[in-house]
Amino acid sequence: MEKQNFVKRAGVIARENVAAGLGGPFGAVIVKDGKIIAEGANHVTTSNDPTAHAEIVVIRKACEELRTFQLDDCEIYTSCEPCPMCLGAIYWARLKKVYYSSTKEDAKNIGFDDNFIYEEINKSHENRSIPFERIPEDEATNAFNDWNEKQDKIKY
């Protein structure tokens, strides 16, 4: 399949998701070596999971399918430009390229506006709309020390 067909498939998944009443108008596929490895759609409202965006769903499925936590030899095709959370997941999964159709401005025009998150990220903790408070704790520090000293850790 060619790129256009993969992004079209993501759009079809998004439309089917809306028609079935399963969630928002977002779909995604992950491709490896020219083949779709996994498909996903937005299931935020039906799963009561705010992280169940199409990109997160499809990353989880692809990692399970390929038995890995990094997808550095895969591409993701989405019906819409990824939000900040999905963008973070894409970078953590090490996907090699992102293809998308609709823009974040298109999403904003139908009620999915993530701009406030981009703005919040750049604010200091004390100026964020959700308060952040640091509570230093030895156990948390000890966990980092344990990890640092662990000889057989799997780095990621």
Side-chain angles (χ1 to χ4, degrees), residues 1-125 127-130 132 140 143-144 147-148 150 153-156:
M1 290 180 87
E2 61 181 79
K3 295 173 191 173
Q4 188 72 34
N5 289 334
F6 292 133
V7 81
K8 181 177 183 175
R9 179 64 189 143
V12 167
I13 292 166
R15 293 191 73 200
E16 290 173 347
N17 201 53
V18 171
L22 296 174
F26 305 97
V29 298
I30 289 184
V31 173
K32 179 179 178 181
D33 299 327
K35 287 180 41 186
I36 294 176
I37 301 301
E39 298 182 341
N42 178 291
H43 294 292
V44 170
T45 57
T46 53
S47 66
N48 293 318
D49 179 356
T51 68
H53 289 201
E55 296 90 340
I56 303 293
V57 170
V58 78
I59 286 170
R60 289 176 179 160
K61 286 181 178 180
C63 287
E64 185 176 338
E65 175 69 24
L66 298 174
R67 297 176 174 243
T68 184
F69 57 88
Q70 292 188 340
L71 302 170
D72 50 359
D73 53 354
C74 299
E75 302 165 332
I76 187 168
Y77 293 78
T78 69
S79 61
C80 187
E81 184 176 358
C83 75
M85 176 183 66
C86 294
L87 185 62
I90 287 165
Y91 276 97
W92 279 116
R94 311 286 199 272
L95 285 148
K96 68 180 180 181
K97 191 157 185 180
V98 177
Y99 298 92
Y100 64 95
S101 183
S102 299
T103 67
K104 62 184 176 183
E105 289 78 21
D106 295 330
K108 177 182 177 180
N109 290 337
I110 62 164
F112 294 92
D113 186 5
D114 299 324
N115 194 51
F116 75 98
I117 298 173
Y118 288 106
E119 292 172 359
E120 287 287 306
I121 289 169
N122 290 322
K123 291 180 181 177
S124 61
H125 291 168
N127 291 321
R128 291 184 177 165
S129 62
I130 297 175
F132 278 60
F144 276 21
W147 175 259
N148 196 40
K150 186 173 177 59
K153 62 186 162 212
I154 298 173
K155 295 182 180 181
Y156 58 97

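The model shown is predicted, which means the values in this text are computed figures rather than measured ones.
Checking side-chain atoms of Thr46 against main-chain N and O of Gly23 turns up no donor-acceptor pair under 3.5 Å.
Rounding to the nearest 0.5 Å gives a distance of 11.5 Å between CZ of Phe132 and NZ of Lys123. Here the CD1-SG distance, from Ile59 to Cys74, works out to 10.0 Å after rounding to the nearest 0.5 Å. Annotation: the span from Ser47 atom OG to Asn42 atom CG amounts to 8.0 Å, rounded to 0.5 Å. Atoms SG and CG, from Cys80 and Asp114 in turn, are 8.5 Å apart once rounded to the nearest 0.5 Å. Going from atom CD of Glu119 over to atom CG of Asn127 covers 13.0 Å, rounded to the nearest 0.5 Å. Note: Lys8 NZ to Glu2 CD = 10.5 Å, rounded to the nearest 0.5 Å.
Side chains of Phe112 and Cys83 form no contact here, defined as non-hydrogen atoms less than 4.5 Å apart. You'll find the side chain of Asp73 reaches within 4.5 Å of the side chain of Lys32, heavy atoms only. Counting only heavy atoms from C-beta outward, the side chains of Ile56 and Cys86 approach each other to under 4.5 Å. A 4.5 Å side-chain heavy-atom check between Arg60 and Thr51 finds at least one atom pair inside the cut-off.
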Leu95/Glu55 under side chain to side chain contact (heavy atoms under 4.5 Å, CB included): CA gap, chis, key distance, verdict: CA-CA 11 Å; Leu95 285 148; Glu55 296 90 340; over 6 Å; no
Glu105/Lys108 under salt bridge (Lys or Arg N to Asp or Glu O under 4.0 Å): CA gap, chis, key distance, verdict: CA-CA 5 Å; Glu105 289 78 21; Lys108 177 182 177 180; over 6 Å; no
Verdict with supporting geometry, Phe26 and Asn17, side chain to side chain contact (heavy atoms under 4.5 Å, CB included): CA-CA 8 Å; Phe26 305 97; Asn17 201 53; over 6 Å; no
Ile117/Ile121 under side chain to side chain contact (heavy atoms under 4.5 Å, CB included): CA gap, chis, key distance, verdict: CA-CA 6 Å; Ile117 298 173; Ile121 289 169; 4.1 Å; yes
Residue pair Val29, Glu39: steps toward the side chain to side chain contact (heavy atoms under 4.5 Å, CB included) verdict: CA-CA 4 Å; Val29 298; Glu39 298 182 341; 3.7 Å; yes
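Closest approach of Pro50 and Met85 over heavy atoms only: O-CE, 3.8 Å. The two residues Val98 and Pro82 come nearest to each other via the heavy atoms CG1-CG, 4.1 Å. Of all heavy-atom pairs spanning Leu22 and His43, the tightest one is O-ND1, 3.4 Å. The minimum heavy-atom distance linking Ser102 with Asp106 is given by the pair CA-OD2, 3.5 Å. Heavy-atom minimum distance, Asp72 versus Lys96: O-CB, 3.6 Å. The two residues Ala14 and Ser79 come nearest to each other via the heavy atoms CB-OG, 3.8 Å.
Residue pairs meeting the ring pair (Phe, Tyr, Trp, His ring centres under 6.0 Å) criterion with at least one partner in residues 85-111, sequence neighbours excluded, are Tyr77-Tyr99.
More than 12 heavy atoms of other shown residues, nucleotides or ligands fall within 6.0 angstrom of atom CZ in Arg94. Environment of NZ in Lys153: crowded, with over 12 heavy atoms of neighbouring residues, nucleotides or ligands closer than 6.0 Å. No more than 12 heavy atoms of other residues, nucleotides or ligands lie within 6.0 Å of CD in Gln4, so this atom counts as exposed by the packing criterion. The number of heavy-atom neighbours closer than 6.0 Å to CZ of Phe144, taken from other residues, nucleotides and ligands shown, is 12 or below.
Each of Val58, Ile76, Ile90, Leu66 was evaluated against Leu71; a single residue qualifies, Leu66, per the side chain to side chain contact (heavy atoms under 4.5 Å, CB included) test.
Taking the six-membered ring where tryptophan is involved, the planes of Phe69 and Tyr156 are perpendicular, since the angle between them exceeds 60° and thus also 30°.
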